[in-house]
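Lettering of chains follows the sequences in order, A, B, ..., and the numbering in each one begins at 1.
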Protein chains: 2
Amino acid sequence: MRLPIQAVDLRTDQDVIREGDRPSRCFAVLEGFACSFKITGVGKRQILGFHIPGDMPDLQSLHLEVLDCSIGTLTPCKLGFIQHEPIRELCEAYPRLAAAFWRETLIDASIFREWVTNVGRRDAYSRIAHVMCELLVRLRAVGLAEDHQFELPITQSEFADATGISTVHVNRTLQELRGDGLIQLKREKLTILDWDRLKEAGDFDATYLHLKRQDQAAA
Amino acid sequence: MRLPIQAVDLRTDQDVIREGDRPSRCFAVLEGFACSFKITGVGKRQILGFHIPGDMPDLQSLHLEVLDCSIGTLTPCKLGFIQHEPIRELCEAYPRLAAAFWRETLIDASIFREWVTNVGRRDAYSRIAHVMCELLVRLRAVGLAEDHQFELPITQSEFADATGISTVHVNRTLQELRGDGLIQLKREKLTILDWDRLKEAGDFDATYLHLKRQDQAAA
DNA sequence: CGTTTGGTTGAAATGTGTCAAACTTTGTGG
DNA sequence: CCACAAAGTTTGACACATTTCAACCAAACG
């Protein structure tokens with residue numbers, strides 16, 4: 001059985017799929033950063049999660065007819081589209097494969113749970129620290145971060161939408177994080193200067209990412 | 001193949017499973033209300049979702065070894081415990097059944113996404129209205145609400161932990177909702193007086209619940 | 001090199017949190 | 001069935017984290 005993948009390049013700030021769509025395919029991020037988001041009735045955006053290479057952000061569409069959120073690029077991206085039908089057939093034929101895909105969506109759900117907690121019960125300082133911790137650990141797991149430094153092509157306004165605070169306050173909080181010597185952030189490059197203190201500030205425990213052993217180096 | 005279910009009765013405020021556990025079984029809510037939650041490093045609780053009869057709140061444990069959140073009862077509950085092993089065997093034998101379970105966990109994830117948005121980008125008034133809307137629609141789908149009225153055995157403090165605001169502010173916001181004629185709430189019984197305006201106040205659209213057609217009466 | 005996008009700053013407004021006390025309802029044991 | 005305790009709700013005063021608005025600055029880009 002073959003699994004035809006159609007590679008597509010997208011520019012920054014393009015919608016890949018939109019809330020309300022009924023797609024017949026899903027995609028994997030091959031290169032670049034993307035994010036899931038919703039727009040509220042009064043036009044505010046909430047980013048629900050960041051997607052990095054290796055992620056399949058809309059695997060859910062395999063079993064949910066209508067999309068309940070949108071996904072857009074944060075940087076230029078290379079995406080690999082795969083039709084639902086052949087995936088479904090593979091899943092029926094190989095239950096272990098289905099279980100592996102299922103597991104991926106369960107990890108996504110686990111991350112959403114952590115994000116509910118993050119925006120619901122942590123202050124701005126912690127929220128931002130937490131998101132940075134998560135990104136480091138996930139990027140390391142796919143080899144996109146060495147040590148404690150990685151490309152972070154995310155604007156302060158996007159950070160605001162991810163953490164549920166205002167852009168201005170993100171700016172001030174980033175200055176605090178810098179002033180406290182936890183991070184260095186310039187030119188879209190984030191350097192974590194004090195991992196232990198950043199983890200503590202962000203109330204971060206990587207358990208919810210459900211990484212396999214070999215991926216846990218950073219955590 | 002048999003699927004042995006062990007029924008268990010629990011009192012109010014009992015933990016069913018705890019963050020960090022590695023369960024070998026999962027459960028369904030047969031009667032009563034429960035909730036998933038996390039406790040942050042500084043001891044604040046975030047409720048991640050409410051569970052009503054028919055839900056299988058920890059189905060995720062089938063494929064994730066370690067629990068990343070706790071689940072506790074909000075009222076006296078009757079739970080049905082089922083071992084993972086027989087479920088896994090059934091899923092391998094009947095891919096359609098696996099897909100149905102998978103779909104359930106995908107809906108859970110969709111609800112978490114909505115909750116991220118709720119606590120991240122809506123004000124207190126909207127957040128509470130939203131949660132009420134969700135509960136009505138879900139309870140109607142399982143026949144536990146008639147018209148626009150249902151048993152809501154949830155304290156203001158639990159409401160606070162679900163919406164990421166303080167207990168005192170929940171109290172004041174509930175008074176606002178009452179004062180505006182949207183709801184009536186006494187003796188753990190919630191009556192929605194103006195469904196259209198409550199939906200609008202809560203920025204509520206039931207799509208994210210992914211109900212099958214016959215369940216959508218209320219939405 | 002001008003234009004756009006993103007970052008930074010200050011001042012004022014505000015939603016929400018905190019604290020502490022009083023009140024009400026519910027549950028329980030005598 | 002009353003009395004008491006416990007749990008939950010309500011209130012007021014005040015503190016404060018965060019938002020909003022508006023302007024300015026810096027960097028990226030064609």
Sugar-phosphate, base or nothing in reach of B/R172, heavy atoms under 4.0 Å: base
Donor-acceptor pair, side chain of A/R178 and main chain of A/I183, under 3.5 angstrom: no
Distance in angstrom units between B/L185 CG and C/dT25 C1', rounded: 14 Å
Among A/N171, A/T173, A/T167, the one residue meeting side chain to side chain donor-acceptor pair (under 3.5 Å) with A/Q156: A/N171
B/R122 CZ to D/dT19 C1', straight-line distance once rounded to whole Å: 19 Å
Under 3.5 Å donor-acceptor, B/S110 side chain and B/L106 backbone: no
Side-chain donor/acceptor of A/S126 to backbone N/O of A/A201, under 3.5 Å: yes
Residue-level proximity of residues 175-184 of chain B to DNA chain D when a heavy atom falls under 4.0 Å: B/Q175, B/R178
Residues in side chain to side chain contact (heavy atoms under 4.5 Å, CB included) contact with B/D15, at least two apart in sequence or another chain: B/R18, B/F37
Between NZ on residue A/K38 and CG on residue B/N118, distance to nearest 0.5 Å: 10.0 Å
Rounded distance [0.5 Å steps], CG in A/L64 versus CZ in A/R22: 11.5 Å
A/I128 CD1 - D/dT18 C1' separation (whole Å): 12 Å
Flag, side chain of B/D21 to backbone of B/L67, donor-acceptor distance under 3.5 Å: no
Near-ring test A/Y208/A/H130, centroid separation under 6.0 angstrom: yes
Interatomic distance, A/L174 CG vs C/dT9 P [rounded to whole Å]: 12 Å
Spacing between B/E188 atom CD and C/dT24 atom P, to the nearest angstrom: 19 Å
Spacing between A/R187 atom CZ and D/dA27 atom C1', to the nearest angstrom: 8 Å
Between C/dG15 (C1') and B/R121 (CZ): distance, integer Å: 15 Å
Presence of B/N171 side-chain N/O under 4.0 Å of D/dT9 phosphate oxygens OP1/OP2: no
From D/dT18, C/dT18, C/dT9, nucleotide with atom closest to B/K44 side chain: C/dT18
Between D/dG8 (P) and B/K189 (NZ): distance, integer Å: 20 Å
Contact residues, residues 153-169 of chain B to DNA chain D [heavy atom, < 4.0 Å]: B/T155, B/Q156, B/V168
